[in-house]
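Below is one structure; the comments refer to it alone.
If you read the sequence from its start, that first residue is 1, and numbering goes on from there.
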Amino acid sequence: NPGCVPAAAEWCFWCLSQVMVHDVNELTEKLFPIVEAMQKHFSAGSGTYYSDSIFFLSVAMHRIMPKEITQIIQVDLDLKYKTNIQDLFDEFDNFPEGAVIGIAREMQPVYRHTFWQYRRENPQTKVGEPPPDGLPGFNSGVLLLNLEAMRQSKLYNQLLEPTMVQKLTEKYHFKGHLGDQDFFTMVGMEHPELFHVLDCTWNRQLCTWWRDHGYSDVFDQYFHCEGEVRIYHGNCNTPIPED
């Protein structure tokens, strides 16, 4: 049974015509023991937007959802759909062996900035470099979670352990503030085989903040996206084009 969830104060999942509403406090109570260790690495600070456990929901969704739910699409609210959501569900069929999550690339040089120390120590690295050959990191505005694959993946579940999170954050000198997105990005640098990379047209991000904050010379290499847009993402309160 597939499900789909908008990222909001109440998390709604629907399977066919059935709608299930989950209380945010109950979800947080289940999540906290799993994601507590990673929050200090991927949160802006106590009391801030991404510091709440709920913003790591996707990371451990496979452990708190009923076993009969095998696939979930999780999306931000600041999206505009230009195609049928079923077309996005069909992307599950394109997952290569070993992949557990479908996610699009980050379309700003966010992680070029975040990984600055690792990049300085490893000048030939692809970490933080723009596509198509680089590893710009991920944007979690549109997520395809193959819960069954996440449950069965020994590697993915090992990466949730506090010791592994600590090991990777130390290796990459990583300190983020974007919750689950930071975790997926860091893991993707080490184990890209866990991810099915969605085309940019499935999460056409519109924010241009980093163009005006030190990265104008390389910005367009990250922001470029060819093809007919299927989902617009008005991140950082960016207006979405009218039809």
In terms of ring plane angle, is the pair F95 and H196 parallel, tilted or perpendicular, where the classes change at 30° and 60°?
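Tilted.
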On the 0 to 90° scale, with breaks at 30° and 60°, tag the F56-F42 ring pair as parallel, tilted or perpendicular.
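Answer is tilted, since the angle falls between 30° and 60°.
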Enumerate the residue pairs fulfilling disulfide (SG to SG under 2.5 Å) with a member in residues 63-154, sequence neighbours excluded, ordered by first and then second residue.
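Listed by first then second residue: nothing to list.
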Would you mind listing every disulfide (SG to SG under 2.5 Å) that reaches into residues 210-243, with sequence neighbours excluded?
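Counting only pairs at least two positions apart or across chains, the disulfide (SG to SG under 2.5 Å) contacts touching residues 210-243 are C200-C225, C207-C236.
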Are more than 12 heavy atoms from other residues, nucleotides or ligands located less than 6.0 Å from atom [atom1] of [X]?
X	atom1	result
N237	CG	no
K82	NZ	yes
E228	CD	no
Q158	CD	yes

Check whether [X] and [Y] end up in the same hydrophobic cluster, where Ile, Leu, Val, Met, Phe, Trp and Tyr are linked by side-chain heavy atoms less than 4.5 Å apart.
X	Y	result
I72	V24	yes
L79	I85	yes
Y118	Y111	yes
F32	V35	no
L206	Y81	no

Quick one, [X] and [Y] - any side-chain contact, counting heavy atoms below 4.5 Å?
X	Y	value
M189	T125	no
L194	L159	yes
H62	Y156	yes
L145	Q74	yes
W202	L88	yes
H41	Q166	yes
V218	P130	no
L160	F183	yes

Restricting to non-hydrogen atoms, name the atom on K175 and the atom on K40 that form the minimum distance, rounded to 0.1 Å.
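In terms of heavy atoms, the two residues are closest at CE-O, 3.1 Å.
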Could you report the tightest heavy-atom contact between P136 and G134, atom names first, then the distance?
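Looking at all heavy atoms of both residues, the shortest contact is CD-O, 3.3 Å.
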For E36 and S53, what are the C-alpha separation, side-chain angles and deciding distance, and is it a side-chain hydrogen bond (donor to acceptor under 3.5 Å, both in side chains)?
CA-CA 7 Å; E36 179 183 8; S53 296; over 6 Å; no
Could you walk me through whether R112 and E129 pass the side chain to side chain contact (heavy atoms under 4.5 Å, CB included) test, one step at a time?
CA-CA 6 Å; R112 186 185 188 97; E129 286 293 296; 3.4 Å; yes
Is the F223-F219 ring centre distance short of 6.0 angstrom?
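F223 vs F219: aromatic centres under 6.0 Å.
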Between F138 and F195, is the ring-ring contact (aromatic ring centres under 6.0 Å, His included) condition met? List the steps.
CA-CA 10 Å; F138 294 126; F195 300 92; 4.8 Å; yes
Atom [atom1] of [X] and atom [atom2] of [Y]: how far apart are they, to the nearest 0.5 Å?
X	Y	atom1	atom2	result
T208	Y222	OG1	OH	16.0 Å
F55	L31	CZ	CG	11.5 Å
H113	W210	NE2	CH2	4.0 Å
M61	I34	CE	CD1	11.5 Å
D76	N235	CG	CG	8.5 Å
M164	T169	CE	OG1	10.5 Å

Under the side chain to side chain donor-acceptor pair (under 3.5 Å) rule, collect the residues that match up with N94, sequence neighbours excluded.
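Partners of N94 under the side chain to side chain donor-acceptor pair (under 3.5 Å) test: E91.
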Checking K171 now: which residues fulfil side chain to side chain donor-acceptor pair (under 3.5 Å) with it, not counting sequence neighbours?
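Partners of K171 under the side chain to side chain donor-acceptor pair (under 3.5 Å) test: E190.
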Given N25 and E29, is the side-chain hydrogen bond (donor to acceptor under 3.5 Å, both in side chains) satisfied, shown in steps?
CA-CA 6 Å; N25 294 319; E29 186 175 343; over 6 Å; no
Side chain [X], main chain [Y], donor-acceptor under 3.5 Å:
X	Y	value
D180	V59	no
H191	V187	no
N157	M150	yes
K80	P241	yes

For residues 97-107, please give each side-chain donor-acceptor pair under 3.5 Å, one per line with the distance, not counting sequence neighbours.
{"residue": "E106", "atom": "OE1", "partner": "N139", "partner atom": "ND2", "Å": "3.1"}
{"residue": "E106", "atom": "OE1", "partner": "Q181", "partner atom": "NE2", "Å": "3.3"}
{"residue": "E106", "atom": "OE2", "partner": "Q108", "partner atom": "N", "Å": "3.2"}

For R230, what residues pass the salt bridge (charged side-chain N to carboxylate O under 4.0 Å, His left out) criterion, not counting sequence neighbours?
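Testing R230 for salt bridge (charged side-chain N to carboxylate O under 4.0 Å, His left out), a comparison that skips the adjacent residues, returns D199.
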Side chain to side chain contact (heavy atoms under 4.5 Å, CB included) evaluation trace for I73 with F92:
CA-CA 10 Å; I73 292 179; F92 278 113; 4.1 Å; yes
